[in-house]
Number of protein chains: 2
Amino acid sequence: MATNKKLEFQAEEVELADFAKALAHPARLAILKILAQQRSCICGQIVEGLPLAQPTVSQHLKELKNVGLIKGEIEGKTSCYCINWETYDRCRQLFEAFHLQLESGRGQTQNCC
Amino acid sequence: MATNKKLEFQAEEVELADFAKALAHPARLAILKILAQQRSCICGQIVEGLPLAQPTVSQHLKELKNVGLIKGEIEGKTSCYCINWETYDRCRQLFEAFHLQLESGRGQTQNCC
DNA sequence: ATTATATATCGCAAATATACGATGAATAGG
DNA sequence: CCTATTCATCGTATATTTGCGATATATAAT
C-alpha cells in the first residue's frame, strides 16, 4: 500500500505534478512572491514575512530548491535565495501545455452533467 | 505540531494552494485530461485509463470534486463526471494573477545569486 | 578566544495523502 | 427474485507533509 505508482504515468504529468506540489502550500507561494518582489532575498527577511518558525521556513525553502524553483547561496553569515527563472519558465510551459490540452476539448457537447 | 497555519496566510494564497494541491498528482492530471478529451465521462473508463485500482481512482475523483474542479452525477448504474469549467476558470485566474505578481519583479537587478 | 547572529539540520509528533482489499448500495438484466 | 455490474465507502497499512524545539555550523563582532 501507498506504493509509489508515479513511474507508471507520463513523464510530463509527473513533472507537472511535482511543480504543482511545490506550489501547494501558501507559505511556498508567499516565499516566491517575496523573492520576486523584494531585492533582498535574505532568509531572515523571508522568515519575518511569514507566520512560521525559522526551521519551518528553512524546510519550505529546501523544497522549493529541490524542485528547482529557487536557488540559494551562502553569503557570509546570511543565506541569499532567488527565483530560478529558467525552471519557473519550464513550470509555466508545462502548466500552459496542460491547460491547452484541457481547453481543446472544452466546447464539445457533453453527454452528461 | 503539524498545527494548521493555513488561516494565517492570505485567502487567495490558500485558495491557490488548494488548487495546486488538487493538481499535485499525476493521476488527477490524467483524470482531468481524460474528462476534457473524451465525450464519455463514465467512471469505469477513467479507471481503465489509469494504472490504479478502482477505489483509488474513486478517491482521486472525490478530491477533484471537493476542490470543485469536476462535478459528477449518478446516471443509473454508472457515474458520470465532467470538468467544472467555472471553477477551472477561477483556478486559471488565480494562477495567472500569481504569475503576473512574480513576473512584475523579474527584470530588476538582483543583489545576489 | 568568546560571544552573538544567521541559518541548516536533526529528531520528533501530528496530520494528511496514497493505495487497495473488502464491503455496501443501487441499478440493470435475466 | 436473483445475479451481475458499477461505483462509493470503510478500514487499514504505509508514506509523506507539516511544524517546531533543540542543536550544529559557520561567520561576524568584540
Side-chain angles (χ1 to χ4, degrees), chain A residues 1-9 13-14 17-18 20-31 35 40-67 70-82 112-113, chain B residues 1-9 13-14 17-31 34-35 40-67 70-82 112-113:
Chain A
M1 308 83 208
T3 47
N4 207 346
K5 294 246 169 174
K6 263 189 185 175
L7 299 175
E8 302 182 38
F9 292 91
E13 282 171 355
V14 175
D18 283 340
K21 191 185 294 182
L23 301 178
H25 194 292
R28 293 193 288 272
L29 295 176
I31 287 171
L35 290 186
S40 52
C41 336
I42 295 167
C43 176
Q45 295 181 311
I46 300 170
V47 174
E48 277 177 36
L50 297 176
L52 297 172
Q54 176 265 321
T56 307
V57 173
S58 212
Q59 197 169 292
H60 284 303
L61 286 166
K62 193 177 179 183
E63 285 172 56
L64 287 170
K65 200 173 176 181
N66 281 344
V67 79
I70 67 174
K71 48 189 171 179
E73 283 174 10
I74 297 173
E75 299 251 332
K77 197 166 59 173
T78 67
S79 277
C80 162
Y81 285 100
C82 300
C112 53
C113 303
Chain B
M1 308 86 203
T3 48
N4 208 345
K5 294 249 171 174
K6 264 190 184 177
L7 298 176
E8 302 181 36
F9 291 91
E13 282 171 355
V14 174
D18 283 341
F19 280 127
K21 192 184 294 181
L23 301 177
H25 194 292
R28 293 193 289 271
L29 295 175
I31 288 170
I34 292 169
L35 291 187
S40 51
C41 335
I42 294 167
C43 178
Q45 293 180 311
I46 299 171
V47 173
E48 278 177 34
L50 296 177
L52 297 172
Q54 176 265 322
T56 308
V57 173
S58 214
Q59 198 167 292
H60 284 303
L61 286 166
K62 193 178 179 184
E63 285 173 55
L64 287 170
K65 202 173 176 182
N66 281 343
V67 78
I70 66 174
K71 48 189 172 180
E73 283 174 11
I74 298 174
E75 299 250 331
K77 200 167 56 173
T78 67
S79 277
C80 162
Y81 285 100
C82 299
C112 54
C113 302

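Lettering follows sequence order; numbering is per chain, from 1. On a predicted model such as this, the values are computed, not experimentally measured, just so you know.
- Within the nucleic acid shown, L52(A) comes within 4.0 Å of sugar-phosphate atoms alone, with no base atom in reach, counting heavy atoms only.
- Residue-level contact check: S79(A) touches the backbone only, with heavy atoms under 4.0 Å from sugar-phosphate atoms and none from bases.
- The two residues L29(B) and A17(A) make their nearest non-hydrogen contact at CD1-N, 3.7 Å.
- Computed from coordinates, the H25(A) NE2 to dG19(D) P distance equals 4 Å when rounded to whole Å.
- Set against dG19(D), dG21(C), dT6(D), the side chain of T78(B) has dT6(D) as its closest nucleotide.
- Residue contacts shown for K21(A) are limited to sugar-phosphate atoms, with no base heavy atom under 4.0 Å away.
- The shortest non-hydrogen separation linking P51(A) to E8(B) is CB-OE1, 3.2 Å.
- Annotation: of the two residues near DNA chain C, F9(A) and V47(A), the 5′-most nearest-nucleotide partner is V47(A).
- The heavy-atom pair separating G72(B) from Y81(B) by the smallest distance is CA-CD2, 3.6 Å.
- Following rounding to the nearest Å, L29(B) (CG) and dT18(C) (P) show an atom-to-atom distance of 11 Å.
- The side chain of C43(A) sits closest to dT7(C) out of dT7(C), dG19(D), dA19(C).
- The side chain of T56(A) places an N or O atom within less than 4.0 Å of a non-bridging phosphate oxygen (OP1 or OP2) of dC20(D).
- Axis angle, first five pairs versus last five pairs of the helix from dA1(C)-dT30(D) to dG30(C)-dC1(D): 10°, rounded to 10°.
- Phosphate contact (OP1/OP2 of dC7(D), side-chain N/O of S58(B), threshold under 4.0 Å): absent.
- For a distance-only test at 3.5 Å, the side chain of Q54(A) fails to qualify as a donor-acceptor partner of the base of dA6(C).
- Taking atom CD of E48(B) as the reference point, atom P of dC7(D) lies 10 Å away to the nearest angstrom.
- Minimum heavy-atom separation, L64(A) to A22(A): CD2-O, 4.0 Å.
- We find that NZ of K62(A) is positioned 7 Å from C1' of dT9(C), with the value rounded to whole Å.
- Contact check, Y81(A) against dA8(C): a side-chain N or O comes under 4.0 Å of OP1 or OP2.
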Give the intermediate values and the outcome of side-chain contact (heavy atoms from CB on, under 4.5 Å) for residues D18(B) and K6(B). CA-CA 10 Å; D18(B) 283 341; K6(B) 264 190 184 177; 2.9 Å; yes
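- The 5' end of DNA chain D is approached more closely, in terms of each residue's nearest nucleotide, by P55(B) than by the other of P55(B) and A24(A).
- For the pair C41(A) and L35(A), the tightest heavy-atom approach, listed with the atom from each and the gap, is CB-CD2, 3.6 Å.
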Might you work through the side-chain contact (heavy atoms from CB on, under 4.5 Å) test for F9(B) and L50(A), ending with a clear yes or no? CA-CA 8 Å; F9(B) 291 91; L50(A) 297 176; 3.9 Å; yes
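- For dA29(D), neither phosphate oxygen OP1 nor OP2 lies less than 4.0 angstrom from any side-chain nitrogen or oxygen of K77(A).
- Considering only side-chain atoms of I42(B), the nucleotide from dT7(C), dT9(D), dC7(D) that sits closest is dC7(D).
- To the nearest angstrom, P of dT27(D) lies 13 Å from CD of E75(A).
- Aromatic ring pairs are classed by plane angle as parallel below 30°, tilted from 30° to 60° and perpendicular above 60°; the pair H25(A) and H60(A) is tilted.
- Atom-to-atom, CD of E73(B) to P of dT27(C) comes out at 15 Å; the value is rounded to the nearest Å.
- Here K6(A) lies out of heavy-atom contact (under 4.0 Å) with every strand.
- When rounded to the nearest whole Å, the span between CZ of R28(B) and C1' of dA17(C) equals 8 Å.
- Heavy atoms only, all atoms of each residue included: L52(A) and A27(A) are closest at CD1-CB, 3.7 Å.
- Mapping P51(A) and I74(A) onto DNA chain D by nearest heavy atom places P51(A) at the nucleotide closer to the 5' end.
- Contacts of Q59(B) with the nucleic acid, taken as non-hydrogen atoms under 4.0 Å apart, include base atoms.
- Rounded to a whole Å, the CG atom of L61(B) is 14 Å from the P atom of dC20(C).
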